[in-house]
Amino acid sequence: MDALIKQTKSTCCYCGVGCGVIIHSLNDKIIDVKGDTEHPANFGRLCTKGSTLHLTAKLDNRLLYPEMRLTREAPRKRVSWDVSLDYLTEKFAQTIEKHGPDSVAFYISGQLLTEDYYVFNKLAKGLIGTNNVDTNSRLCMSSAVAGYKATLGADSPPACYEDIDHTNCLFIAGSNTAFAHPIIFRRIEDAKANNPNLKIIVVDPRKTDTARSADLHLAILPGTDVALFNGLLHVMLWEGLLDMAYIKAHTNGFDELKETLREYTPKMVADICGIKQSDIIQAAKWFGAGPTLSMYCMGLNQSIHGTDKNAALINLHLATGQIGKKGAGPFSLTGQPNAMGGREVGGMANLMSGHRDLNNAEHRAEVAKLWGIDSVPETAGKTAIEMFDAVKAGEIKAIWIACTNPAHSMPDLNNVLTALNNAELVVVQDAYNNTDTCEYADVLLPASTWGEKEGTVTNSERCITRVNPAVPAPAEAKHDWAIMVDFAQRLEKRLAKNTDLFAFNTTEDIFNEHRESTRGRDLDITGLSYDLLNANGPQQWPFKTGESQGLARLYADGIFQKPDGKAQFLNAVYKGTADKTDARHPLHLLTGRLRDQWHGMSRTGTTAQLFNHVEEPAIQMNADDMMRRSIKNGDIVKVQNKRGSLVLPVQSSTDVQPSQTFIAMHWGKQFMHGLGVNALMPPNVDKTSKQPELKHTAIKIEKLELPWRMTVMRAVTDLSMLQKIRALLPHFDYASCGLFGRESANGVGMLILRAAHSGNPNADLPNVDGPEGESLKDNSLKVDLMAQIDSILGMTDDMPLLNYNDAKRGISKRILVENDQVTGVRLMGETLAADWLKDVMSSGSFTNDLRRWALAPVITPPTGQKGRGKIVCNCLDVSQNEIVDNIELGADLLTLQAKLKCGTECGSCVPELKKLVQMHGKF
Ligand code: SF4
C-alpha cells in the first residue's frame with residue numbers, strides 16, 4: 001500500500017451492528033474503506049452499505065457554509081458562523097424570556113456521537129431548563145427501552161453477539177436481519193453452518209430473506225405478536241418447559257400472567273395470528289429447550305403496543321430462565337449506529353443522564369449536582385410526535401433539528417410539514433443539503449459527518465468504540481458538539497446565567513463528564529477512558545473503575561435493576577393495530593428496509609451501485625390480489641388512505657401474503673413524486689414509549705391509466721444534474737429518479753428518470769401541482785418541459801444525437817453517442833427499448849448492429865442483446881439474469897460462487913442467491 005495513505009480506525013455510520021472500519025485517506029481525501037479485522041462486531045466484514053462508505057464521501061451535496069433568512073419568503077443567504085449563532089442566540093433568548101423554556105425544542109438523532117448527544121441534552125435540560133429534547137430514536141428504539149425497563153428494570157440489553165455462536169434456538173421477531181443488520185446475519189449463517197442443531201425461528205408477516213433461511217417461519221398477521229408470545233408461553237407452561245425455580249427466585253408477577261395465559265390456547269392464537277397450531281407448539285418446544293437467543297427490532301418497536309410486544313417476548317426468557325447465560329437472552333437490535341449512546345446520556349424527553357429516571361427526585365438532584373446547577377426540570381418534555389404537534393399548535397416556537405430528516409421519517413407527514421411551515425424558527429444542523437427538511441430551515445448550519453468526526457458510539461451489544469477523524473471537515477462545516485458548545489456558551493452569557501456549563505475544549509472533556517454521570521449506575525463506565533479505548537479497542541459496558549474488561553452478559557446472577565432485585569413479568573394482552581382494514585381500505589400496508597439503502601438515502605442515495613439491487617420505488621403485492629384487481633407487474637397505482645396518497649408501480653412478490661402489501665421506507669420526495677410511505681402512516685403512539693406505529697396501516701389501491709411514459713438516462717460526472725432533474729418530478733403523475741451503474745474515474749454513474757402521465761405533460765403545464773396539492777413555487781410553466789429536460793441533460797440539438805420524432809403520436813426519442821458510447825437516452829412517449837439501452841449504457845458496448853435498433857420500439861433487439869436484470873451481487877457486479885442462466889444449467893450456490901464469484905465478497909447477497917437456487921434450480 002502507498003506509504004502516504006493514512007489509515008484511521010472508526011465505525012460504520014449506518015446501523016446498530018456498529019462494525020469497525022479502517023478509513024483509507026490520501027491528501028485529506030477518503031479513498032477507500034475496509035472492515036476492521038480486530039473489531040468484535042464484524043471481525044473485518046462489511047455489508048454492501050459499509051463497504052461503499054468511501055464512495056459517499058463526496059462534496060456534491062454537502063452543506064459547506066451557514067445560511068439564513070429573516071423571513072420565510074426570502075431566499076437563504078450565506079452568512080458567517082458568528083452572524084448565524086448570534087442571531088440564534090438572540091432569537092432563542094427572546095423566545096425563552098417571553099414564552100418560557102418549553103417554547104423551544106431540540107429534535108436530534110441516533111446518528112450523533114455520544115459526545116454530541118451529551119451537549120444537546122445538557123444545553124436543553126441544564127441551561128435552558130426544558131426537557132424538550134427528543135430524537136429520531138423515538139421512532140426506532142423507545143419501545144425496546146420501555147420493554148427492558150418494565151421487565152428487567154433498566155435499559156440494558158443482556159446479551160451479546162457472541163451468544164449467536166452458542167445458542168441452540170434463535171428466535172428472530174420483527175426483524176429482517178438479512179437486510180437491516182447484514183453482518184449479524186453473516187454470523188447467524190456461520191452459526192448455522194457450525195451447529196446443524198441450531199433451530200432458527202422467524203416471526204414476520206413477510207417472507208423476507210431472513211424468513212426464508214428459517215427452520216420455522218411464523219408468518220403471523222400484522223400486529224399479532226403479543227398473542228403469539230402469550231401462546232408460546234401457554235404451550236411451554238402446559239408442556240412443563242418453564243423454569244419454575246428461576247421464576248420463583250428471580251421474578252415477580254408470574255401468577256397474574258398465568259391467569260391471562262389461560263385463554264391463549266394454540267387454537268385461539270392460531271386463529272388470531274393466522275398460523276398453524278402445530279407451528280406454535282413446535283416453536284414453543286424449541287424455545288423452551290434452549291439455550292434461546294431472541295433478536296428483535298422494528299417489527300416489535302414500531303407499534304402502538306410496542307412496549308407490550310417487547311415485554312411479552314422478554315416474559316418468555318424470564319419464564320424459561322433463558323437469560324444471563326451463554327447463548328440466551330432477549331437481545332434488542334439497535335436500528336441506528338448510536339441510538340444506544342443517546343439513551344446512555346439521557347438524550348430524550350423522558351430520560352435522564354446515566355439511565356436515570358426523570359420522575360425520580362433523587363435522580364434529578366444527582367444530575368443537577370453533577371452539572372453544578374440548582375435543579376433540572378421535572379416535567380417530561382415533548383416526545384417526537386408531541387413535539388411536532390406542539391410546533392404546529394404554536395406552543396413550541398423554535399425548533400432545532402440536528403442530523404435527522406423529520407420531513408421524511410415521521411409518520412403522518414403532511415401534518416409534520418404543516419408544523420414546520422408554522423414554526424416561527426426552524427434551525428437545521430446537518431452535513432447534507434439534500435434532505436427534505438432543509439427546505440424548511442430558516443437557519444442552516446453545516447455539520448461534519450462520517451470520516452470527519454471524533455467521539456464514541458455504542459452499538460447493540462453495549463460495545464463502545466472510538467470514532468476517529470480521517471479527514472478534516474470541508475469548508476466551514478463544524479462538528480456537532482462544537483456547534484452546540486459555541487451556541488450554548490453564547491446563550492449562557494445572553495441569559496445572564498452565572499454558570500460555566502460548557503467548558504469543553506475536546507470530545508474527551510465531554511466523554512469524561514459523561515463517564516462521571518454513569519458512576520454507580522447499571523451502565524457504569526468509570527473504568528474506561530479514551531486512552532484505554534485507543535489502546536485496547538472497543539469495550540462493553542458496564543466497565544467499572546478497577547476492572548480490566550466489561551461484562552459480556554448481564555443478569556448472570558439473576559439480580560435485576562428493580563427495588564427487590566427481581567424481574568417483573570408484564571401482563572400483556574393482545575390488542576390490534578392502530579389502523580384496521582375495512583371495506584374502504586381492504587389491504588394491509590407494511591413498511592421495511594431495502595438491502596442497500598439507509599433511511600432517507602441522503603448518503604446512500606448518492607452512490608450509483610447502491611441503486612442496482614432495487615432501482616425505483618414500488619409497492620409489492622401478492623399475485624392473487626393483483627389478479628383480482630386486474631393489475632399487472634409494472635402497472636402504476638394510486639395507494640391511498642385518509643392521510644395521503646402515493647403513485648408508484650406494482651411489483652408482484654411472493655414475499656407478501658394475500659391482503660398484504662409492502663413499500664420500502666427509504667423513498668421520499670428526493671427520489672419520487674410524493675412524500676414517501678410515511679405520509680400514509682398513523683401518528684398513533686404506544687402509551688408508554690410514545691413510539692409511533694410506522695410499520696402498518698390500511699390502504700386502498702386504484703389502478704391508474706398513465707399511457708404516456710418517459711425514461712431518461714444520462715452518464716453523469718457529479719450529482720448536480722440529479723439535483724436539477726428532481727425539481728421536475730412533481731410535473732408527472734408518476735416519477736422517480738435515481739442512479740445506476742457504478743462509480744468510475746469518469747463519473748458517479750448514470751442518472752435515471754422514469755415518468756408516467758395521463759397525457760403529454762407539456763399539454764398539462766398550466767395545471768401543474770406540487771406534491772400533495774401544493775402549488776409549485778418555481779413553476780416554469782412557460783418553458784417546454786422536454787426542452788428543459790434536454791437542456792439539463794446536455795442533449796440539445798447541437799450534440800451528436802440519434803433522433804426520432806413523431807409529433808402526431810407524441811413520441812420523441814434522443815440518443816446521445818459520444819466516442820462510440822451511449823452516454824444519454826431520452827425516450828418520450830414510448831419506452832420499450834429502455835431496459836436494453838440501459839444495459840448498453842452500463843456495459844459501454846454500442847455496436848453498429850445495436851445502433852440500427854436503438855430508436856426502434858423493441859424490448860429486445862434482434863441482435864440478441866439481453867438485459868442483465870437487477871444486480872444481485874453488488875460487490876462483484878453480478879446480475880440476476882447471469883445467475884439464473886447458470887442455475888438453469890445446474891449450478892448450486894457453491895458453483896455460482898466459484899464461477900461467477902457472486903456472494904464471495906461481503907456476503908449480503910447470499911440469502912438471495914439461495915432463494916434463486918430454490919426458485920430456479922432443477923433439483
Ligand atoms: Fe454498517 Fe453494514 Fe455493519 Fe450495519 S452491518 S454497521 S450497515 S457495515
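Read the numbers this way: they start at 1 and go in the same order the structure lists the ligands and their atoms. Note that this is a predicted model, so its numbers are computed, not measured.
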For [X], check side-chain contact (heavy atoms from CB on, under 4.5 Å) against everything at least two apart and list the hits.
X: Ser156; result: Ala154, His355, Asp522, Trp541, Leu554, Tyr555
X: Gln651; result: Ala618, Gln620, Asn633
X: His696; result: Pro222, Thr577, His588, Leu590, Glu693

- Query: Do Lys309 and Asp225 meet the salt-bridge criterion of a basic N to acidic O distance under 4.0 Å?
  - Reply: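 Looking at Lys309 together with Asp225, the answer is yes, because their closest N to O distance falls below 4.0 Å.
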- Message: Salt bridge check, Arg595 against Asp209: does any charged N sit closer than 4.0 Å to a carboxylate O?
- Response: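 Not counted as a salt bridge, because no side-chain N and carboxylate O are separated by less than 4.0 Å.
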- Item | Sole candidate of Tyr148, Tyr296, Tyr161 that passes ring pair (Phe, Tyr, Trp, His ring centres under 6.0 Å) when paired with Phe331 |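 Single pass found, and it is Tyr161.
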- Message: What protein N/O/S atoms are there under 2.8 Å from atom 2 (Fe) of ligand 1, waters excluded?
- Response: Cys47 SG
- For Gly18, take its heavy atoms, then give the atoms of ligand 1 lying under 4.0 Å from any of them.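 It comes down to these atoms of ligand 1: 6 (S).
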